[in-house]
Structures are given as structure tokens and as C-alpha cells.
Novice: 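Below you'll find the structure I mean.
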Amino acid sequence: CVIMPVAAPAGQDGIQRLPDAWQAHASVDSIYFARGAATIDETAAGIIQRHASKLRGAPGLSVTIVAHTDDLGSASLELARGQKRLDAVRGRLEESGISVDRIRSLNHGSEGNSTQECTDEDCRRFRRRVDFLFHR
């Protein structure tokens, strides 16, 4: 599979579109965030370190990090929050020795959410995340 660049809205250069067959899913390998936050806590740091180790052990492997947000703010606000989270995760990967050319990002903001309504904090927390897709 190949990640295909698309024209990004102003201020979102470098965001890529995934082929339609690729999907990011929430899992224990995802990074979850508090409302409005982009802070990497101890749990998230451990997950990022595990992903960085995987990448260091497989030089031909790359990663696409995919941001999702809840829908409590405007679309533009949620895109900005998603970008801050992507930047935080990317920064930690780079600090762990992963070359920037092996890291791509995709920011869904709140637009990537399912059509299912999210009415409680557990659901919203689940949506405030960054997923990892590994590819060659």
C-alpha cells in the first residue's frame, strides 16, 4: 500500500490520506488524551517507546499516526487539537531515534468519527486518540 499525498487545508501541510482499504482502530496500542490536552503521560510514553523499538528493529518499516478527536468543539478547533496531539507523538518518536521520513500523519479531527452519536465521557475519551499504522 502507498500513502497518497493530498492538498491539505492551510496550516496542515504534510497531512496524508490513507488508501481506502486502510483503517485505524482504537486499541491498547493507541494513545488516549484528556479533553483539550496533547500531553504525553507515562502510559502514552511507554506505548510510544514500544512502537519506536518496533521501528528501530525493522528499518524498512514506517508508521502513519492517525489523530481522532471528540466533537465538543468546532471542526477547526478539533483539527487543531488533533494536530497538537500528532505533533506530540511525532516528537516523542523522533526523540526515540525514528527518522522524520519514516513518520507520516493523518488528522481526522472529529470528522473521522463514526455516525454513532457520542453522548458520554467514556465515548468521547475513546475518540480522543492517536492510532498507529505500520507499513513498508
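Just so you know, these numbers come straight off a predicted model, no measurement behind them. Heavy-atom basis, side chains included; hydrogens, waters and symmetry copies ignored.
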Novice: Can you tell if the side chain of T64 reaches within under 4.5 Å of the side chain of F132, non-hydrogen atoms only?
Specialist: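 Counting from C-beta outward, T64 and F132 never come under 4.5 Å.
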Novice: Would D71 and R124 count as a side-chain contact (heavy atoms from CB on, under 4.5 Å) here? Give the steps.
Specialist: CA-CA 8 Å; D71 57 358; R124 289 182 181 118; 4.1 Å; yes
Novice: When you look at F126 and D120, which way does the side-chain contact (heavy atoms from CB on, under 4.5 Å) test go after all the steps?
Specialist: CA-CA 10 Å; F126 179 77; D120 61 38; over 6 Å; no
Novice: Considering the options T69, V66, L79, which one meets the side-chain contact (heavy atoms from CB on, under 4.5 Å) requirement together with H108?
Specialist: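 Running side-chain contact (heavy atoms from CB on, under 4.5 Å) over T69, V66, L79 with H108 returns exactly one hit, V66.
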Novice: Quick one: CD on E94 to OG on S99, what's the gap to the nearest 0.5 Å?
Specialist: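 Between E94 CD and S99 OG, I get 8.0 Å after rounding to 0.5 Å.
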Novice: Minimum heavy-atom separation for R92 to A45, with atom names?
Specialist: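 Answer, listing the atom of R92 first, then A45: NH1-CB, 3.5 Å.
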Novice: Please report the interatomic distance CG(D41) to OG1(T43), rounded to the nearest 0.5 Å.
Specialist: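 Between D41 CG and T43 OG1, I get 5.0 Å after rounding to 0.5 Å.
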Novice: On a heavy-atom basis, which atom in C118 and which in R127 lie closest, and how many Å separate them?
Specialist: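 Residues C118 and R127, closest heavy atoms: CB-NH1, 3.3 Å.
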Novice: Are R81 and E78 ion-paired here, with the side-chain N under 4.0 Å from a carboxylate O?
Specialist: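 Salt bridge between R81 and E78, a charged N being under 4.0 Å from a carboxylate O: yes.
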Novice: If the threshold is 4.0 Å, N to carboxylate O, is there a salt bridge linking D70 and R128?
Specialist: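 R128 and D70: salt-bridged.
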Novice: Any chance you could measure R125, atom CZ, to R35, atom CZ, to the nearest 0.5 Å?
Specialist: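 Between R125 CZ and R35 CZ, I get 15.0 Å after rounding to 0.5 Å.
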Novice: Ion pair present between R129 and D131, side-chain N to carboxylate O less than 4.0 angstrom?
Specialist: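 Yes, charged N to carboxylate O under 4.0 Å.
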Novice: Do S53 and R50 get their side chains close enough for a donor-acceptor pair, meaning under 3.5 Å?
Specialist: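 Their side chains do not contain a donor-acceptor pair, so the 3.5 Å distance test is not met.
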Novice: Got a second to check how far S30's OG is from H68's NE2, nearest 0.5 Å?
Specialist: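 Going from the OG atom of S30 to the NE2 atom of H68 covers 7.5 Å.
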Novice: At what distance, to the nearest 0.5 angstrom, does NE2 of H51 lie from CD1 of I103?
Specialist: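 Separation between the atoms: 12.0 Å.
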Novice: Can you give me the closest heavy-atom contact between A88 and A38, atom names plus distance?
Specialist: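 Smallest heavy-atom distance, with atoms named: CB-O, 3.4 Å.
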Novice: Could you go through R136 and S62, starting from their C-alpha distance and side-chain angles, then the distance that decides it, and tell me whether this counts as side-chain contact (heavy atoms from CB on, under 4.5 Å)?
Specialist: CA-CA 6 Å; R136 297 204 181 275; S62 294; over 6 Å; no
Novice: Determine whether S105 and R90 make a side-chain contact, defined as any pair of heavy atoms from C-beta on separated by less than 4.5 Å.
Specialist: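 They are in side-chain contact.
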Novice: How many angstroms lie between CZ in F134 and CG in L61, if you round to the nearest 0.5 Å?
Specialist: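 Atom-to-atom, F134:CZ and L61:CG are 6.5 Å apart.
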Novice: Here's a test for you: under side-chain contact (heavy atoms from CB on, under 4.5 Å), which of I65, V130, L86 qualifies with N107?
Specialist: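 Filter result, single survivor: L86.
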Novice: Measure the shortest side-chain to side-chain distance between V63 and L55 over non-hydrogen atoms and say whether it is less than 4.5 angstrom.
Specialist: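 A side-chain contact exists here, since the closest heavy-atom pair is under 4.5 Å.
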Novice: Test your reading of the model: is there a side-chain donor-acceptor pair from S96 to the backbone of I98, 3.5 Å cut-off?
Specialist: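 Such a contact is absent between S96 side chain and I98 backbone.
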